[in-house]
Amino acid sequence: MVPYQYRCTGCGDVDVRRPMGAATPRTACPRCGAEARRVYTSPGTRLAAPGLVAALDTAGASADRPQVVTRDPAPRTPRPAHPLHARLPRH
Ligand SMILES: [Zn+2]
(Lines give C-alpha, C1' and ligand atoms only; values in the text may rest on other atoms or scores of the structure.)
Protein backbone atom coordinates (compact mmCIF):
# COMPACT_ATOMS: atom_id res chain seq x y z
CA MET A 1 0.00 0.00 0.00
CA VAL A 2 1.25 3.44 -0.93
CA PRO A 3 0.08 6.75 0.57
CA TYR A 4 -1.41 9.09 -2.01
CA GLN A 5 -2.12 12.69 -1.13
CA TYR A 6 -5.54 14.19 -1.77
CA ARG A 7 -6.90 17.67 -1.05
CA CYS A 8 -10.38 18.03 0.42
CA THR A 9 -12.00 21.46 0.35
CA GLY A 10 -13.10 21.05 3.97
CA CYS A 11 -10.29 19.03 5.55
CA GLY A 12 -7.25 20.11 3.55
CA ASP A 13 -4.59 17.58 2.58
CA VAL A 14 -5.31 13.97 3.52
CA ASP A 15 -3.42 10.76 2.78
CA VAL A 16 -5.21 7.76 1.30
CA ARG A 17 -3.43 4.41 1.16
CA ARG A 18 -3.95 2.43 -2.02
CA PRO A 19 -2.07 -0.30 -3.87
CA MET A 20 0.69 1.13 -6.07
CA GLY A 21 -0.75 2.46 -9.31
CA ALA A 22 -4.34 2.28 -8.05
CA ALA A 23 -4.73 5.98 -7.23
CA THR A 24 -7.63 7.74 -8.90
CA PRO A 25 -7.80 11.48 -9.72
CA ARG A 26 -10.67 11.90 -7.26
CA THR A 27 -11.77 9.96 -4.20
CA ALA A 28 -14.02 10.32 -1.19
CA CYS A 29 -12.33 12.15 1.66
CA PRO A 30 -11.59 9.62 4.43
CA ARG A 31 -12.58 12.20 7.08
CA CYS A 32 -15.77 13.82 5.80
CA GLY A 33 -16.71 11.84 2.69
CA ALA A 34 -16.66 14.86 0.37
CA GLU A 35 -14.89 14.63 -2.95
CA ALA A 36 -11.13 15.12 -2.71
CA ARG A 37 -8.81 15.74 -5.64
CA ARG A 38 -5.46 14.07 -5.92
CA VAL A 39 -2.37 16.21 -5.30
CA TYR A 40 0.70 15.15 -7.23
CA THR A 41 3.85 15.24 -5.12
CA SER A 42 7.39 14.02 -5.51
CA PRO A 43 7.90 10.41 -4.51
CA GLY A 44 9.07 9.81 -0.95
CA THR A 45 12.58 8.81 -1.89
CA ARG A 46 14.05 10.71 1.06
CA LEU A 47 12.50 8.29 3.52
CA ALA A 48 15.61 6.10 3.32
CA ALA A 49 18.04 5.90 6.23
CA PRO A 50 20.08 9.13 6.57
CA GLY A 51 23.39 7.23 6.31
CA LEU A 52 22.27 5.61 3.08
CA VAL A 53 21.17 8.94 1.64
CA ALA A 54 24.54 10.50 2.52
CA ALA A 55 26.40 7.59 0.93
CA LEU A 56 24.35 7.83 -2.25
CA ASP A 57 24.88 11.60 -2.40
CA THR A 58 28.64 11.13 -1.99
CA ALA A 59 28.75 8.46 -4.67
CA GLY A 60 26.75 10.64 -7.04
CA ALA A 61 28.94 13.68 -6.36
CA SER A 62 32.13 11.71 -7.03
CA ALA A 63 31.00 11.26 -10.63
CA ASP A 64 30.60 15.01 -11.20
CA ARG A 65 32.99 16.52 -8.66
CA PRO A 66 35.72 13.99 -7.81
CA GLN A 67 37.91 14.85 -4.86
CA VAL A 68 41.47 15.78 -5.83
CA VAL A 69 44.30 14.27 -3.83
CA THR A 70 47.20 16.69 -3.38
CA ARG A 71 49.49 14.40 -1.39
CA ASP A 72 49.88 10.71 -0.69
CA PRO A 73 47.48 10.07 2.21
CA ALA A 74 49.50 7.10 3.54
CA PRO A 75 53.14 6.90 2.43
CA ARG A 76 54.09 3.29 1.97
CA THR A 77 57.08 1.69 3.62
CA PRO A 78 58.93 -0.80 1.44
CA ARG A 79 58.18 -4.38 2.26
CA PRO A 80 61.15 -6.47 3.39
CA ALA A 81 62.39 -8.70 0.61
CA HIS A 82 61.94 -12.42 0.92
CA PRO A 83 65.33 -14.12 1.51
CA LEU A 84 64.86 -16.41 -1.47
CA HIS A 85 64.57 -13.40 -3.80
CA ALA A 86 68.34 -12.91 -3.41
CA ARG A 87 68.87 -16.23 -5.20
CA LEU A 88 66.87 -15.20 -8.27
CA PRO A 89 68.92 -14.57 -11.45
CA ARG A 90 69.83 -10.91 -12.06
CA HIS A 91 69.81 -9.34 -15.49
ZN1 LIG B 1 -12.82 16.07 3.96
Side-chain angles (χ1 to χ4, degrees):
M1 299 292 262
V2 182
Y4 292 97
Q5 189 174 3
Y6 286 86
R7 183 163 296 146
C8 171
T9 54
C11 305
D13 291 345
V14 293
D15 284 342
V16 176
R17 299 186 72 81
R18 295 258 167 88
M20 184 174 284
T24 55
R26 297 168 192 267
T27 190
C29 173
R31 295 181 189 163
C32 69
E35 184 179 78
R37 301 179 70 169
R38 185 173 174 198
V39 178
Y40 293 91
T41 60
S42 62
T45 55
R46 289 295 177 180
L47 297 178
L52 174 61
V53 172
L56 291 174
D57 288 346
T58 301
S62 70
D64 299 331
R65 301 176 304 277
Q67 293 182 344
V68 177
V69 176
T70 57
R71 65 177 178 84
D72 191 350
R76 291 173 194 83
T77 56
R79 293 175 56 185
H82 192 279
L84 292 179
H85 289 177
R87 296 172 59 188
L88 291 175
R90 304 284 176 203
H91 294 280

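Starting from 1, each residue takes its place in the sequence as its number.
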Peer 1: Filter on ring-ring contact (aromatic ring centres under 6.0 Å, His included), then keep only pairs touching residues 52-79, sequence neighbours left out; what's left?
Peer 2: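 Counting only pairs at least two positions apart or across chains, no ring-ring contact (aromatic ring centres under 6.0 Å, His included) contact touches residues 52-79.
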Peer 1: Going by side-chain heavy atoms closer than 4.5 Å, which hydrophobic residues are tied to Tyr4, directly or by a chain of links?
Peer 2: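 Val2, Tyr6, Val14, Val16, Met20, which link up through side-chain heavy atoms under 4.5 Å apart, make up the rest of the cluster.
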Peer 1: When the side chains of residues 59-84 are checked against the rest of the protein, which donor-acceptor pairs come out under 3.5 Å, sequence neighbours left out?
Peer 2:
from  : atom 1 : to    : atom 2 : distance (Å)
Ser62 : OG     : Ala59 : O      : 2.7
Asp72 : OD1    : Ala74 : N      : 3.3
His82 : ND1    : Leu84 : N      : 3.1

Peer 1: What donor-acceptor contacts under 3.5 angstrom involve side-chain atoms of residues 27-40, with partners at least two apart or in another chain?
Peer 2:
from  : atom 1 : to    : atom 2 : distance (Å)
Thr27 : OG1    : Arg18 : NH2    : 2.7
Glu35 : OE1    : Arg26 : NH1    : 3.0

Peer 1: Nearest 0.5 Å, what's the CD-CG distance between Gln5 and Asp15?
Peer 2: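 Reported value, rounded in 0.5 Å steps: 6.0 Å.
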Peer 1: Taking side chain to side chain contact (heavy atoms under 4.5 Å, CB included) as the definition, give me every residue that meets it alongside Pro25, ordered by chain and number, with sequence neighbours left out.
Peer 2: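 For Pro25, no residue satisfies side chain to side chain contact (heavy atoms under 4.5 Å, CB included) once neighbours in sequence are set aside.
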Peer 1: Who else is in Leu56's hydrophobic cluster (ILVMFWY, side-chain heavy atoms under 4.5 Å, direct or via others)?
Peer 2: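 Cluster partners of Leu56: Leu52.
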